[in-house]
2 protein chains.
Amino acid sequence: MDAIDRKLIDILQEDASLSYSVLGTRVGLSVSAVNDRVRKLRDQGIIKSYQIAVDPHAIGRALTAMVWLRTDPAKGNKKLVKSLIKADEVLECHHMTGRFDFLLKLRLRDTAHLESFITDTIKELGGILEVLPEIALSTAKETAFVPAQAGQD
Amino acid sequence: MDAIDRKLIDILQEDASLSYSVLGTRVGLSVSAVNDRVRKLRDQGIIKSYQIAVDPHAIGRALTAMVWLRTDPAKGNKKLVKSLIKADEVLECHHMTGRFDFLLKLRLRDTAHLESFITDTIKELGGILEVLPEIALSTAKETAFVPAQAGQD
DNA sequence: CCTGAAATGACACGGAT
DNA sequence: ATCCGTGTCATTTCAGG
């Protein structure tokens, strides 16, 4: 991975619909060279997938919530996590440091959906000692973009 | 937006590199019809952009951290937020309910990077009364996929 | 929404630096 | 080893119906 690869990654993170000819002019390479590099980045797993970014509001998931979980230290968490990440409401599930054990990022229709998810799904799992949900009033930034070039400063 | 649009959205969220002919066979439409629908979804802003998903580890940002901020209620938050979201370390910035005011999701090189970001960037902003950083030990799920079809149940 | 044609892009190969 | 040009095929895109 050299500077050109990193530049390609950054460009594609912003707009993956650009053609190889456009990418080529931006990084100063031919279409074939860009093709070679992008294919290698895919093969190496550095580029994991191609996706679209969807407006959550348009598909009826306007509510973002974070839910903290504290689990029973006497029990293992593997089954719990396995069940949690099956739910499409759960976008992220992180095992965290701090007073709680897990942080869930949820995308939901509304507060009623949040309530039912907590009572019907989370609390049904067992082994959970504490649930602390918090709602996003607004989101100033939400991206997955991580500059590949900034790793070099 | 009908059921076919929702199906297209879900397919493209998983793999946006599929051709219109493949999409067509999956939803039972011709290439042109798929083209028409996808273009409309783009024009309407429902499909916001095309992106690649990058392995954070490969570009030197292996550490995920969540940072809670409590701000001075006497001051406005607009400038603070505006400065925060400029930083490429900040993937997300949510205005939250609960004891804290903001939740930041950060992607960093290592704990040294986290420390410098807190001391040199966050605390320099002013108007911040409390900073509580927490680190992700592991991440069991991290996606942006929100099923468009599930909005219908 | 479909068919069909034209333009564009992707991709593999061979050769050169 | 990477890059470039060419050729071929797939894909996109836009008519017209």
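Order of the sequence lines sets the chain letters (A, B, ...), proteins ahead of strands, with each chain counted from 1. Since the structure is predicted, the reported quantities are computational estimates derived from the model, not experimental observations.
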Those residues that, when tested against A/Asp43, pass salt bridge (charged side-chain N to carboxylate O under 4.0 Å, His left out) (two or more places apart): none

Does the distance from a Lys or Arg side-chain N to an Asp or Glu carboxylate O, for B/Asp55 and A/Lys48, drop under 4.0 Å? no

Atom pairs and distances, donor-acceptor, side-chain atoms in residues 24-31 of chain B, under 3.5 Å, two or more places apart:
residue: B/Thr25; atom: OG1; partner: B/Val22; partner atom: O; Å: 2.7
residue: B/Ser30; atom: OG; partner: B/Ala33; partner atom: N; Å: 3.3

Identify, with sequence neighbours excluded, every residue that meets salt bridge (charged side-chain N to carboxylate O under 4.0 Å, His left out) alongside B/Asp101. none

Using side-chain hydrogen bond (donor to acceptor under 3.5 Å, both in side chains) as the criterion, list what pairs up with B/Glu115, not counting sequence neighbours. none

Pull out every residue in residues 11-26 of chain A that has a heavy atom closer than 4.0 Å to any atom of DNA chain C, ordered by number, or say none. A/Ser19, A/Tyr20

Of all nucleotides in DNA chain C that come within under 4.0 Å of a heavy atom of chain B, which is furthest toward the 5' end and which toward the 3' end? C/dC1 to C/dG4

To the nearest Å, how far apart are A/Asp2 CG and D/dT2 C1'? 10 Å

Taken in chain and number order and not counting sequence neighbours, the residues that satisfy salt bridge (charged side-chain N to carboxylate O under 4.0 Å, His left out) with B/Arg99 are B/Glu130

Does A/Thr121 reach the side chain of A/Glu124, with side-chain heavy atoms less than 4.5 Å apart? no

Specify the angle, to 10°, made by the local axes at the two ends of the helix from C/dC1-D/dG17 to C/dT17-D/dA1 when five pairs are taken at each end. 30°

Between the side chains of A/Glu92 and A/Arg107, is the shortest nitrogen-to-carboxylate-oxygen separation below 4.0 Å, so that they form an ion pair? no

Do B/Leu23 and B/Leu8 have side chains that get closer than 4.5 Å, going by heavy atoms? yes

Do the side-chain N or O atoms of A/Lys40 get closer than 4.0 angstrom to the phosphate oxygens (OP1, OP2) of D/dT2? yes

Assess whether a salt bridge exists between A/Arg37 and A/Asp2, defined as any Lys/Arg side-chain N lying under 4.0 Å from an Asp/Glu carboxylate O. yes

Applying side-chain hydrogen bond (donor to acceptor under 3.5 Å, both in side chains) to B/Asp15 and not counting sequence neighbours gives B/Ser17

With sequence neighbours left out, write down each residue that passes side-chain hydrogen bond (donor to acceptor under 3.5 Å, both in side chains) with B/Asp72, or none if nothing qualifies. none

Please collect all ring pair (Phe, Tyr, Trp, His ring centres under 6.0 Å) contacts where either partner lies in residues 92-111 of chain B, sequence neighbours excluded, each pair once. B/Trp68-B/Phe100, B/His95-B/Phe102

Within residues 29-37 of chain B, residues whose heavy atoms come under 4.0 Å of DNA chain C: B/Leu29, B/Ser30, B/Ser32, B/Ala33, B/Arg37

